[in-house]
Amino acid sequence: MTNIPPTGRTGRVTGRLLILQVLVLSLLATLGGRLWYLQIREGQHYTDQASSNHIRTVLVPAVRGEILDANGTALADNATKLVVSVSRTSLLQQKDGGKAVLDRLAVVLGLPAQEVHDKVRLCDAKTPQPCWNGSPYQPIPVTDKATTQQAMQIMERSEDFPGVTADPTAVREYPAPHGANAAQVLGYLSPVTQDEIDAATGANGKSAYAPADQIGRSGLESVYDSALRGKPGTTDLEVDNLGRVMGTAGGSPAVPGDDVVTSIDSRIQGIAEKQLQQALVTLRKTYDPVTHENFKADSGAVVVMDVHTGRVVAMASAPTFNPNIWTGGISSKDYKALTSNSSDFPLLNRAIQGQSAPGSTFKVVTTSGAINAGYTYSDTFPCTSSMTIGGREFKNFEGENFGMINLSKALEVSCDTVFYSVAYAQWLKDGGTKPKKPNDWLYKAAHQFGLGQKTGIDLPSEVAGRVPDRAWHQAYYDAMKDTWCKQAKSGKQDYGTEVAREDCADFATLRAGDEVNYAIGQGDTLVTPIQMARIYSALANGGTLYQPQVAKAVVSPSGQVVKNLAPVVQGKLPDSKKTLQYIDQATANVVTQGTAAWKFQGWPQDKIALHAKTGTAEVVGKQTTSWFDTYTKDYAIVMTISQGGTGSGGAGPAVRNIYNALYGIQANNTIDPKKALLPRAQTSLPAFNSDGSVAQQAAYTGPVLSAPATPLQSPAGPLTAYALAPEQRRPLA
């Protein structure tokens, strides 16, 4: 019979109980250790996490810095407006996707319901404007024109408008002082996109952009965006478990953006814009004897530059637009007006992006190249009515004949055949169609004058223009030969196919016709107004090529200069002092007795020596492009008008009116120093208060209108000659 312990438990049962006790004690120890770890070792960490569960951080956008003119006048500033915004996240939480909320909002704002719906949809390749191009996680502004009554309706009935806010917000504004719109120079803003936020996110997980940021899309707003934008702040809101705001829990203040002080004088800018527009209007009412209809004058540009620094005093492009239309989101109607083919693309800054042949204004470059090639100041050439090269006739304007003249006189009367002669002789010296070691003096001159490359101006999307030298001919032929040769074999007999046959055969070879057309600023040569303004500034200042600049300084919100943008020297013209004086005298004669004299009769040349070169560039299928390039000892002014006729006839009066304003020249050609707006360019900065406001606008203290050492000849009657550049293909020489 088995012996049973008094307790009634066998050894096996006792062992099992012991194991169970060990397990229970182990679990208790583990739980105790974990409790110690959570409450003592990591207690503060979890306390912080628990606190953060009822904290919501809201980004506070920084106030964007202002863009100021040279005198401290705001060209771009900020206005406080009531902005109604909608959260897409909140809308998507509604059963109907927020449709009812948006419909009610449209009624309160007095806007079409469809317009409100369109403004909060996200942009993509198939969605037209208006749409939201910013981050989908930030509030989307519906209007910045809300009234106080409308804002109160929204806030008092918040249960009817979930996700809708109405807050006073700093909104970008372009006030256009003195009529200075400057749209293409200033640019515009639009919301940062989610892709841009993601692309600017660093290894620390933080992005350079906040979801509520507006960033510059063109002009100075784009180039100096990082300085203007500032740094957003934060507000920490305490919320309950339903997300209702219970109070604030701190945060950090936003840091306002820096201001950018420019060299633009808003008074001169306004006048330049007005004169450019008036020139277009006048030309559209003027008869073109070549096409037997009025000039179309569809677009143009003007640049006013300080010749001693390269700083831009005024820059206008036409057609233009009102940059305020981008504020709060652009409408589909306005967007179409800016981008459709019929708009003539007002977003384009033609001063730095408009390329065209320079016509006879290019002859100062050819003159420099000719002298450096070995021609003397006194060498004479036949200014005949025409010249035949390779069996093709190249004509002078209206068959004019001035006999044997030197290069100076050829500049004065703009004689094409003189420059044809020089170019053809150089082409032969360089080996014709079989060059060995060509010097290419005329092409070298263009590169030395800075053509064929960007000037480096502090504005986006500048184009480089084109110098059609041997390297360009070869590169362009390699890119286009298949297209040309295919068209050449088509059997068609039209003009385009005939040209394709020539180009397929030998475009890679620099032909005589290429060089003679190039010498008068025609053919494949392309320049921009800013390039020509830099060249004529260099002629005025003794040969220094400056980098064109619009901004002068970056100033902090406290009024301290953060960065002084000093003038930058980029190079020198390849000319001696004597050559510059030679060109200087020739361009002065253009005003007094040459191709611009008929528009500058009575000009006070003995007090303000004015130098000019007219240009008329022909374009296939269009009316001629007007160029008028000028300079004084202080300024260079270049104006060009597409389909505007001759240089002096199209742009001459407008340029003269800008000079009149600068120097205070009255209707009777006398000078009134008190009415001179800017007889010398402004070089100093405005004075700022400690809060960043302008304490005192910079002001020129007095005119300097001394006569030149050797007074030049007074105007001498009407126009004597103008060389209209011919539109001719390259001769088969």
Side-chain angles (χ1 to χ4, degrees), residues 70 180 182 185 263-280 300-318 349-352 354 358-362 364 455 457 527-541 546 548-550 583-584 587-588 590-591 594-596 599-600 603-605 608-615 625-641 644 646-665 676-682:
V185 175
S263 54
I264 299 291
D265 187 299
S266 58
R267 300 167 302 171
I268 307 303
Q269 176 71 26
I271 291 169
E273 291 179 20
K274 180 180 179 180
Q275 289 301 318
L276 175 60
Q277 184 60 39
Q278 185 59 52
L280 297 177
V302 60
V303 176
V304 182
M305 181 176 286
D306 175 0
V307 301
H308 301 295
T309 62
R311 286 173 171 156
V312 176
V313 177
M315 176 184 286
S317 178
N349 184 350
R350 286 170 166 81
I352 65 171
S360 294
T361 62
F362 185 78
V364 296
T455 67
I457 189 172
V527 302
T528 63
I530 194 67
Q531 290 175 324
M532 298 308 289
R534 181 173 63 161
I535 286 175
Y536 278 77
S537 291
L539 292 173
N541 67 33
Y546 285 98
Q549 287 180 298
V550 180
I583 295 174
D584 209 49
T587 52
V590 171
V591 176
T595 56
K599 292 295 183 181
F600 282 83
W603 177 264
Q605 188 78 349
I608 304 171
L610 178 63
H611 308 258
K613 187 69 196 77
T614 55
T625 298
S626 168
W627 280 89
F628 195 47
D629 299 0
T630 67
Y631 64 90
T632 64
K633 62 183 179 61
D634 307 296
Y635 300 102
I637 300 180
V638 170
M639 182 178 285
T640 181
I641 299 175
T646 64
S648 53
V655 170
R656 179 167 185 164
N657 286 335
I658 297 173
Y659 277 121
N660 288 347
L662 287 166
Y663 290 111
I665 301 173
L677 293 182
L678 201 64
R680 282 196 306 183
Q682 181 60 259

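Predicted model only: the values in this text are computed from it and were never measured. These numbers come from the heavy atoms of this one structure, side chains and all, not from hydrogens, waters or symmetry mates.
- The shortest heavy-atom contact between Val638 and Pro529 is CG1-O, 4.1 Å.
- Among all heavy-atom pairs drawn from Ser648 and Pro653, the shortest one is O-CD, 3.4 Å.
- Across Ala654 and Ala279, no two heavy atoms sit closer than the pair CB-CB, 4.1 Å.
- Contact between Val185 and Met315 at its shortest, heavy atoms only, is CG2-O, 3.7 Å.
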Could you please spell out the steps behind the side-chain contact (heavy atoms from CB on, under 4.5 Å) verdict for Trp603 and Ile665?
-> CA-CA 9 Å; Trp603 177 264; Ile665 301 173; 3.2 Å; yes

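- Outside the 6.0 Å centre-distance limit, the rings of Phe628 and Tyr659 are not counted as a close aromatic pair.
- Taking a 6.0 Å sphere around NZ of Lys599, one finds it holds more than 12 heavy atoms contributed by other residues, nucleotides or ligands.
- Considering CD1 of Ile637 and CG of Asn657, their distance stands at 10.0 Å, rounded to 0.5 Å.
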Show your working on side-chain contact (heavy atoms from CB on, under 4.5 Å) between Val364 and Leu539 and close with a plain yes or no.
-> CA-CA 9 Å; Val364 296; Leu539 292 173; 4.2 Å; yes

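- Checking side-chain atoms of Ser263 against main-chain N and O of Val312 turns up a donor-acceptor pair under 3.5 Å.
- A donor and an acceptor atom, one from each side chain of Glu273 and Gln269, are located under 3.5 Å apart.
- Paired with Leu677 under the rule side chain to side chain contact (heavy atoms under 4.5 Å, CB included), one option of Ile271, Ile658, Leu662 passes, and it is Ile271.
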Take Leu276 and Met639 through the side-chain contact (heavy atoms from CB on, under 4.5 Å) test and state the conclusion after the steps.
-> CA-CA 8 Å; Leu276 175 60; Met639 182 178 285; 4.3 Å; yes

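- Classified by interplanar angle (parallel below 30°, tilted 30° to 60°, perpendicular above 60°), the ring pair Tyr663/Tyr635 is perpendicular.
- Panel note: side chain Gln531, backbone Thr528; a donor-acceptor pair is recorded below 3.5 Å.
- Taking 4.5 Å as the limit, some side-chain heavy atom of Ile641 sits within range of a side-chain heavy atom of Leu280.
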